[in-house]
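These numbers were taken from a predicted model, which means no experiment stands behind them. The analysis underlying the following values was restricted to heavy atoms, covering all of them including side chains, and did not include hydrogens, waters or symmetry mates. In what follows, chains carry the letters A, B, and so on, assigned in the order in which the sequence lines appear, proteins first and then strands, with residues in each chain numbered from 1.
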Amino acid sequence: MKFRSIKGTYDVLPNISDKWKNVEFYIHQYLSRAGYSEIRTPIFENTDLFKRSVGEDSDVVSKEMYSWIDQGGTDLTLKPEYTASVVRAYIQNNLNSISPISKLYYIGDLFRRERPQKGRYRQFRQFGIEAIGSKYSEQDAEIISIAWNIISELGIQDITLNLNSIGSSETRKKYKQVLIEYLKPNFDQLSESSKKRFNSNPLRILDTKNKSEIEILKQVPKITEYLSKEDEVHFNEVQQRLDDLNIPFSLDTNLVRGLDYYTRTTFEIVSSKLGAQDALCGGGRYDKLVESLGAKSTPAVGFAAGFERILLAMDNDNELVEKNIKKIYLIGLGDKVRSTMTKILGQIRNEGFYIEFDPLRRSIKSQLRESNKLGSSITIILGEKEMEEQCVQIKDLSNGNQQSVPFDSIISYLKSLK
RNA sequence: GUGGGCGUAGCUCAGCUGGUUAGAGCACCUGGUUGUGGCCCAGGAGGCCGUGGGUUCAAGUCCCAUCGCUCACCCCA
């Protein structure tokens, strides 16, 4: 085969595109009801935007971005994540002047050049929300509860919410020293990547999956013990609000998100039904990001969730599928009926019915088989006999009953069936 | 970037220790009904057995290389 889709990309074929559509429809609906408005930003941005926000040392920026220099010499990158782009749009369009709180959501495609595996692709789809403007715990809890509720209401079971606070930057500065002191005696036993992070970003060593490192980290002091007074109050309030909302969570003091901009609250929702890539959703608070992108300091919190993983975790029989549509199939037989058939098709379709016809001029047998295969409930037959009598045969496929209906009462007859 | 598994019909897969014209189920098409679906029956179409090389009288089967897919490491949604 000469051409294939690029590694890590895939085609959404007709047999599952409805499922995608339904999930997206549900998300739009849920978030609108919660007072969030959709924002769409360009699929590519200046490369520096991501370097500045996500962090130059992060894996995403250092080795996974699709970047190129365009003909004008500008360094561009396909979005590897959405938050930086949303915050850029927020600043550029002065959304803070419209309201002190911006509640935004997005659905879109992102790109990272990683080795694909189950639940991970090079072009992948996320939805997420960003609430920019509030520093209070109710906002954290709402974000988390929305993620939790959407995922569970899509019928995904066996999910766990992991929660942590990594404090303010001052807290982390203090804790980093503690961590470095703790790890120093074991430095030689750390993995290559952890050794590199030892100086640049020791916090990231915490969420290692390396068994010997997990062993080393068993007695590690918890970051939550080093939270400042304010951080601690905030974290306790977030937990209280989650209790208020009946959202179950478990504390995971090693949960450190991989993107540099997080502060205080971090969380993720994982599913036991997926493989190694088990995070359906990840997010947290990022109080310093707006400021670091050049605007007035503004607190914010949000999450991002992966569509592919959600669809993988969903049971195949999704209840969101639209049912009880009365499908009509129009059969035309012979050259003499073409014009009339086309007119009838147009009239019925304009009345809002779900109707299609056979564009292959096949035999009546083939067309009826097709009609049956498509799950039509009604088939309309127009042949030369009917032309002479100025009528059509309307057949109920569920019981085989057939009735002759004059041209001018087709619509009213169909309506009477509803 | 590293490692494991797998590449045979559109899909899911058989093909035993190498042995003649490579199979099944599903899906597709046609017919069984001069114009009536499903179920059933009959028939049909569809394969450089991923690609290249090697061993052999003989390769889908063994060896090497290569490409692709997939899972995992790393990291993330």
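B:C40 atom P lies 14 Å from atom NZ of A:Lys365, rounded to whole Å. Taking atom CZ of A:Arg369 as the reference point, atom C1' of B:U33 lies 11 Å away to the nearest angstrom. Counting to the nearest Å, the P atom of B:U70 and the CZ atom of A:Arg115 are 11 Å from each other. If you measure from atom OH of A:Tyr82 to atom C1' of B:C76, you get 18 Å, rounded to the nearest angstrom. Regarding A:Arg120, its CZ atom lies at a distance of 8 Å from the C1' atom of B:C74, rounded to whole Å. Note: CD (A:Gln402) to P (B:G38) measures 15 Å, nearest angstrom. One atom, CG of A:Asp57, and another, C1' of B:C75, lie 14 Å apart when rounded to the nearest Å. The NZ-P distance, from A:Lys63 to B:U2, rounds to 13 Å in whole Å.
Taking atom C1' on both nucleotides, B:U21 is separated from B:G47 by 14 Å, rounded to a whole Å. The same atom, P, is picked in B:U30 and in B:G46; the two are 16 Å apart, to the nearest Å. On the C1' atoms, B:U36 is 15 Å away from B:G31, given to the nearest whole Å. Taking atom C1' in both B:A77 and B:C40, the straight-line distance is 50 Å, to the nearest Å. For the C1' atoms, the distance linking B:C71 with B:U56 amounts to 36 Å, nearest Å. Comparing the C1' positions of B:C29 and B:A72 gives a spacing of 43 Å, expressed to the nearest Å. Rounded to whole Å, the P atom of B:U20 lies 32 Å from the corresponding atom of B:U66. Spacing between B:G15 and B:G60 at atom C1', rounded to whole Å, works out to 8 Å.
By the neighbour-count criterion of 12 heavy atoms within 6.0 Å, atom CZ of A:Arg361 is sparsely surrounded, having that number or fewer from other residues, nucleotides or ligands. With a 6.0 Å radius and a threshold of 12 heavy atoms from other residues, nucleotides or ligands, A:Tyr354 has its OH atom at or below the threshold.
When the nearest nucleotides of RNA chain B are assigned to A:Gly282 and A:Gln393 by heavy-atom distance, the more 5′-ward of the two goes with A:Gln393. Positionally, the nearest nucleotide of RNA chain B for A:Ile364 lies more toward the 5' end than for the other of A:Ile364 and A:Gly283.
Taking a pair to require two hydrogen-bonding distances under 3.5 Å in either a Watson-Crick or a G-U wobble arrangement, B:A24 pairs with B:U12. Remark: B:G46 base-pairs with no nucleotide in the shown strands. Criterion, Watson-Crick or G-U wobble with two distances under 3.5 Å. The nucleotide B:C6 finds its pairing partner in B:G68, both defining distances of the Watson-Crick or G-U wobble pair being shorter than 3.5 Å. Across all strands shown, B:U55 has no partner, as no Watson-Crick or G-U wobble contact with both distances under 3.5 Å is found. With a 3.5 Å ceiling on both atom-pair distances, B:G35 lacks any Watson-Crick or G-U wobble partner. Of the nucleotides present, none pairs with B:G18 by Watson-Crick or G-U wobble criteria with both distances under 3.5 Å.
Residue A:Lys395 has its side chain nearest to B:G37 when only B:A77, B:G35, B:G37 are considered. Picking from B:A77, B:G35, B:A72 the nucleotide with the shortest atom distance to the side chain of A:Glu114 gives B:A77. Nearest nucleotide to the A:Lys373 side chain, out of B:C28, B:G35, B:C69: B:C28.
Applying the 3.5 Å distance criterion, the base of B:C74 shares a donor-acceptor pair with the side chain of A:Gln117. One N or O donor and one acceptor, one from the side chain of A:Arg309 and one from the base of B:C76, sit under 3.5 Å apart. Between the side chain of A:Glu64 and the base of B:C76, no donor-acceptor pair under 3.5 Å is found. Contact of A:Glu386 with B:G35 (side chain to base): a donor-acceptor pair of N or O atoms is detected under 3.5 Å.
Residue-level contact check: A:Thr379 touches neither bases nor backbone, having no heavy atom under 4.0 Å from any strand. At a threshold of 4.0 angstrom between heavy atoms, the contacts of A:Arg113 with the nucleic acid are absent. At a threshold of 4.0 angstrom between heavy atoms, the contacts of A:Ile381 include nucleobase atoms, whether or not backbone atoms are also involved. Among the heavy atoms of the strands lying under 4.0 Å from A:Tyr121 is at least one base atom, whether or not backbone atoms are also near. Among the heavy atoms of the strands lying under 4.0 Å from A:Glu384 is at least one base atom, whether or not backbone atoms are also near. Across all strands, A:Arg125 comes closer than 4.0 Å to no nucleic acid atom at all (heavy-atom distances). Heavy atoms of A:Leu280 sit under 4.0 angstrom from primed sugar atoms or phosphate atoms, though from no base atom. When heavy atoms are screened at a 4.0 angstrom cut-off, A:Gly334 is found touching no nucleic acid atom at all.
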Step by step, work out the side-chain contact (heavy atoms from CB on, under 4.5 Å) result for A:Lys63 and A:Asp59. CA-CA 6 Å; A:Lys63 58 185 191 190; A:Asp59 284 18; 3.6 Å; yes
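Evaluation of A:Phe307 against the base of B:A77 yields no stacking contact (centre distance < 5.5 Å, interplanar angle < 30° required).
For A:Phe127 and A:Tyr105, the distance between ring centers is not under 6.0 angstrom. Between A:Trp68 and A:Phe44, the gap from one ring centroid to the other is short of 6.0 Å.
Between A:Arg285 and A:Asp140, at least one side-chain nitrogen of the basic residue sits less than 4.0 Å from a carboxylate oxygen of the acidic one, meeting the salt-bridge criterion. A salt bridge links A:Glu370 with A:Lys373: the distance from a Lys NZ or Arg NE/NH1/NH2 to an Asp or Glu carboxylate oxygen falls below 4.0 Å.
Using a 3.5 Å distance cut-off with no hydrogens or angles, the side chains of A:Glu130 and A:Tyr90 do not pair a donor with an acceptor.
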